[in-house]
Amino acid sequence: GAGVSQSPSNKVTEKGKDVELRCDPISGHTALYWYRQSLGQGLEFLIYFQGNSAPDKSGLPSDRFSAERTGGSVSTLTIQRTQQEDSAVYLCASSLEGTISYNEQFFGPGTRLTVL
Amino acid sequence: GNSVTQMEGPVTLSEEAFLTINCTYTATGYPSLFWYVQYPGEGLQLLLKATKADDKGSNKGFEATYRKETTSFHLEKGSVQVSDSAVYFCALRTLNAGNMLTFGGGTRLMVKP
């Protein structure tokens, strides 16, 4: 079956612009996660959605970052007023029931964001 | 909080050499432990996992044993191949820390023919 897909694969933007990154999880997966991978910070958690529960936003680095998940499926990560330190690869992952710690998270290919 | 520490790379080995990548962790609660691999130009994929103490995860000739007493989950392979060249990430997950994965910094492995 289809895996996690993300779009765009690459995004170059100017400092101060807003960007939207999209994630399509695996069908039937109720849990969805956003991470980012950067040279200085490694792989870090951003936000987690589980079904209809309120998202866990504890990893968002600032209030410029937000995310939503419509209809329990597609998710959009929005970065407002982008800064150069936002440059990173943004990874989306999904899994079956997120409240089971050993459920595998399947990762998408990522969106490489470059802020000039 | 949760944290994972793994040996820094790069690790450079000749083909058929023995591989060990060390990983230790601290966790609140009882973690599940994972190794993820990222091949050049590809996304993260799960290599192996272990969910309780003394479990051994294995896949593609790689193994790691969940050692609660030493809070470790070292990755080993008896004979590496050039195709194993990749970045390896140790990770953990605990339900009482938000269900997200906490990753180590990654270790780049380069295998030379």
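The sequence lines fix the lettering, A, B, ..., with proteins before strands; numbering per chain opens at 1. Being a predicted model, the structure only gives us computed values, none of them experimental.
Not a single donor-acceptor pair under 3.5 Å links the side chain of A:Tyr35 to the backbone N or O of B:Met100.
In the hydrophobic clustering of this structure, A:Val115 groups with A:Tyr90; members are Ile, Leu, Val, Met, Phe, Trp, Tyr whose side-chain heavy atoms approach within less than 4.5 Å, directly or through other members. Two different hydrophobic clusters hold A:Val4 and A:Phe49 under the rule that ILVMFWY side chains link at heavy-atom gaps under 4.5 Å.
Atom CD of A:Glu14 sits in a sparse spot, with 12 or fewer heavy atoms from other residues, nucleotides or ligands closer than 6.0 Å. Applying the 6.0 Å contact sphere to CD of B:Glu15 captures more than 12 heavy atoms from other residues, nucleotides or ligands. Summarising the local packing, CD of B:Glu8 is surrounded by 12 or fewer heavy atoms from other residues, nucleotides or ligands at distances under 6.0 Å. Residue A:Leu39 places its CG atom among 12 or fewer non-hydrogen atoms of other residues, nucleotides or ligands, all under 6.0 Å distant. Around the CZ atom of A:Arg64, the shell of radius 6.0 Å holds more than 12 heavy atoms that belong to other residues, nucleotides or ligands.
Rounding to the nearest 0.5 Å places CD of A:Gln105 at 7.0 Å from CZ of B:Phe34. How far CG of B:Leu46 is from OG of A:Ser95: 11.5 Å, rounded to the nearest 0.5 Å. One distance of note links CG of B:Leu44 with CG of A:Leu43; it measures 5.5 Å at 0.5 Å rounding. To the nearest 0.5 Å, the span separating CZ on A:Phe107 from CD on B:Glu42 amounts to 15.0 Å. To the nearest 0.5 Å, atom CD of residue A:Gln37 and atom CZ of residue B:Phe89 are 4.5 Å apart.
Pairing each heavy atom of A:Tyr33 with each of B:Arg93, the nearest pair is OH-NH2, 2.7 Å.
Contact of B:Leu33 with chain A is not made at all, since no heavy-atom distance falls under 4.5 Å. Neither the backbone nor the side chain of A:Glu44 comes within less than 4.5 Å of any heavy atom in chain B. Only the side chain of A:Leu91 comes within contact range of chain B, with at least one heavy atom under 4.5 Å from a heavy atom of that chain.
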